[in-house]
There are 2 protein chains.
Amino acid sequence: MNDDTWKVPEIAVAVDLAVLTVLADSLQIMLVERGIEPYLGTQALPGGFLSSVDESLDAAAERELTEETGLDPVGLHLEQLHTYGAPDRDPRQRVVTVCYLAFVPGLPPPVAGGDARSAAWVPTKTALHPGTELAFDHKKIIGDAVERTRSKIEYTTLAAAFCGPEFTVTDLRRVYEIVWDEKLDPRNFHRKVTGVENFLVATGTQTTRQGGRPAALYRRGPARLLHPPMLRPAAPKPDASQTS
Amino acid sequence: MNDDTWKVPEIAVAVDLAVLTVLADSLQIMLVERGIEPYLGTQALPGGFLSSVDESLDAAAERELTEETGLDPVGLHLEQLHTYGAPDRDPRQRVVTVCYLAFVPGLPPPVAGGDARSAAWVPTKTALHPGTELAFDHKKIIGDAVERTRSKIEYTTLAAAFCGPEFTVTDLRRVYEIVWDEKLDPRNFHRKVTGVENFLVATGTQTTRQGGRPAALYRRGPARLLHPPMLRPAAPKPDASQTS
DNA sequence: GCAAAAGTGTTACTCGTACACCCATGG
DNA sequence: CCATGGGTGTACGAGTAACACTTTTGC
């Protein structure tokens, strides 16, 4: 061995969270302000080190979600996104972070609560803007999270995870339009989603609206996969080779 | 991220490999026999601990691939599959393993070589059989790898990664049929894959065959995504009206 | 010629898209 | 009545599935 400055031979394992919501006509991500060095005062993804010895990665992700954002993990979608382990991603020591992706409805929680210090929703466009400074490699992680989200709602029913317990077909369509940043035909969208078995369950009630026909309210059904998938509008000229 | 106290639990980070190939009419996975406890003598995925401080996860995966299987990582597909970190998955200590998925052509390497001790191709059906004993949680990992592979070849051109440098349309079709365990119509398959831009590049040469018209040989083109996707034959609908 | 495998043509059907049109409410 | 948004009908075209048919080799 050597006498170098870093005396900790172990690699630290962290769990970070990319918590997304659809709010105010944009896809937003939960960021917290760092209270310690490095990157003190910079915005970062909520997360922390895997502490307890008997805690699974999934459990650690749920715990961090509650501790740092005050959200209740029961019932909301939480999946592994990717694991990041570049040697220089943390200046203190080698850190490998397992990042999780979560979808939460926009309306219920006004953020904050619990242990969270200055947790805030930030539009992903702002977070990904070249001028925005984020801690560690979190900007890249957010980019991956947004891309995963965009493709995930194509073939799963997870877009409904961004809606409240009861929602209209138009609410759901707005989620797609905001996440994809594409306009969708309201008529065809309606026919499509109402035609998928077990996707939407009619409550029988309707919205009371101002100026316009009331819309039927739905709850999420048990279906988890979209069959057939909801395809993004094709780019005008998809010529030549595509790279993933 | 938090922690004013800089305590790091003793967690080891490993990189495991799920290396798949199509060989002898079946989807096979590379397994090695463990030379140390625990699970001494049991078959396991190739892999090892992340040792060097300056090594990225991707680089570690490539290194393990070369060391344990003798395969050359240049040009072959290698992607992160999932990270496994159940507290009790290794009886010695807490181990979090980042698993990678690799596709290699079946023909070239007769396995073994380098540091590999008894590396062998094992049909995934055998590895996943209830009677088969594998080290750690590797059976679950293999199940995840197979499922990822099945869906991946639907919308990417990666099925060609299982073929040699030059291959026929029928070779490619056999890959799909073996991975999906489904029969595909040769005529429609041919039209479809040859119609996708930049998927297959004709070499101009043909196979010399025994009994049958020679087939044109192709190389992989630059396309990485299949547009439109190759869909698995739908499972028979649970239609109550008719039974056999 | 015959068997075997490669490759093409044709038709029917499904599904997505575009858009005309009707329905139900508030003002 | 009119504006606004919810929801249905329908025609067209792209893409798939099924299968008859032609092509090119070895024996």
Side-chain angles (χ1 to χ4, degrees), chain A residues 25 153-155 159 163 166-177 180 182-197 199-218 225-239, chain B residues 25 153-155 163 166-177 180 182-197 199-219 223 225-237 239:
Chain A
D25 285 339
I153 63 174
E154 282 190 319
Y155 57 94
C163 299
E166 295 195 354
F167 52 92
T168 67
V169 171
T170 298
D171 292 337
L172 186 62
R173 177 168 50 82
R174 293 222 201 288
V175 168
Y176 275 95
E177 291 180 338
W180 284 345
E182 301 266 10
K183 282 289 169 205
L184 300 177
D185 186 298
R187 290 80 57 107
N188 293 333
F189 183 86
H190 186 281
R191 199 193 341 259
K192 174 131 192 174
V193 296
T194 54
V196 174
E197 294 278 320
F199 185 11
L200 303 181
V201 179
T203 63
T205 55
Q206 293 189 331
T207 49
T208 307
R209 308 186 43 72
Q210 67 297 348
R213 175 175 169 176
L217 282 168
Y218 294 89
L225 294 177
L226 265 191
H227 240 11
M230 180 84 56
L231 296 174
R232 271 185 263 196
K237 189 68 171 171
D239 189 56
Chain B
D25 285 340
I153 64 175
E154 281 191 319
Y155 57 96
C163 300
E166 296 195 352
F167 53 91
T168 66
V169 172
T170 298
D171 292 337
L172 186 62
R173 178 168 50 82
R174 292 220 202 291
V175 168
Y176 276 95
E177 291 181 336
W180 284 345
E182 301 265 9
K183 282 289 167 204
L184 299 178
D185 185 297
R187 292 80 58 109
N188 293 334
F189 182 87
H190 186 281
R191 199 194 341 260
K192 173 132 192 175
V193 296
T194 54
V196 174
E197 294 278 320
F199 184 12
L200 303 180
V201 179
T203 63
T205 55
Q206 293 189 329
T207 48
T208 308
R209 308 187 42 73
Q210 67 297 347
R213 173 173 171 177
L217 282 169
Y218 295 89
R219 259 191 276 273
L225 295 177
L226 265 191
H227 234 17
M230 181 83 57
L231 295 174
R232 272 186 262 196
K237 266 176 65 174
D239 187 25

- [ ] Indicate whether the side chain of A:Thr168 and that of A:Thr170 have a donor and an acceptor atom separated by less than 3.5 Å.
- [x] no
Open item on the list: If I compare all heavy atoms of A:Leu184 with all of A:Glu177, which pair ends up nearest, and what's the gap?
Closed with: N-OE2, 3.1 Å
Task: Between CZ on residue A:Arg173 and CG on residue A:Asn188, distance to nearest 0.5 Å - done: 11.0 Å
Task: Separation of C:dA18 P from A:Phe189 CZ (nearest whole Å) - done: 16 Å
Open item on the list: With a cut-off of less than 4.0 Å, is there a side-chain N or O of B:His190 near OP1 or OP2 of C:dA6?
Closed with: no
Task: A:Arg232/A:Glu154 ion pair, N-O < 4.0 Å - done: yes
Open item on the list: What is the distance, to the nearest angstrom, from the CG atom on A:Asp171 to the P atom on D:dG7?
Closed with: 11 Å
Open item on the list: Categorize A:Thr170 for me: base, sugar-phosphate, or nothing, with a 4.0 angstrom heavy-atom threshold over every strand shown.
Closed with: sugar-phosphate
TODO: Name the closest nucleotide to the B:Asn188 side chain, picking from C:dT8, D:dG6, D:dA18.
DONE: D:dA18
Task: Nearest-Å distance for atom pair CD/P, residues A:Glu182 and C:dA18 - done: 12 Å
- [ ] Hey, could you give me the CG/CD1 distance between A:Leu226 and A:Ile153, rounded to the nearest 0.5 Å?
- [x] 9.5 Å
Open item on the list: Between B:Lys192 and D:dT16, is there a contact of a side-chain N or O with OP1 or OP2 at under 4.0 Å?
Closed with: yes
Open item on the list: I need the CG-C1' distance between B:Leu184 and D:dC19, as an integer number of Å.
Closed with: 16 Å
Task: Gap between atoms CG and C1', on A:Asp185 and C:dC15 respectively (whole Å) - done: 15 Å
Open item on the list: Does the protein touch nucleotides 21-27 of chain D at the base, only the backbone, or not at all? Give it as B, S and - per nucleotide, heavy atoms under 4.0 Å.
Closed with: B-BBBS-
TODO: Take atom NE2 of A:His227 and atom C1' of C:dG16, then tell me their distance rounded to the nearest Å.
DONE: 17 Å
TODO: Send over the distance from B:Lys183 NZ to D:dC19 C1', rounded to a whole Å.
DONE: 18 Å
Open item on the list: Side chain of B:Pro228, heavy atoms from C-beta onward: which of D:dT16, C:dA18, C:dT8 has the nearest atom to it?
Closed with: D:dT16
Open item on the list: At less than 3.5 Å, do the side-chain atoms of A:Arg191 and the base atoms of C:dG16 form a donor-acceptor pair?
Closed with: no
Open item on the list: So that I know where these two stand, are B:Phe167 and B:Tyr218 an aromatic pair - ring centroids less than 6.0 Å apart?
Closed with: no
- [ ] For B:Met230 and D:dG15, give me the distance from atom CE to atom P, rounded to whole Å.
- [x] 14 Å
Open item on the list: How long is the straight-line distance from CG of B:Leu217 back to CD of B:Gln206, given to the nearest 0.5 Å?
Closed with: 8.0 Å
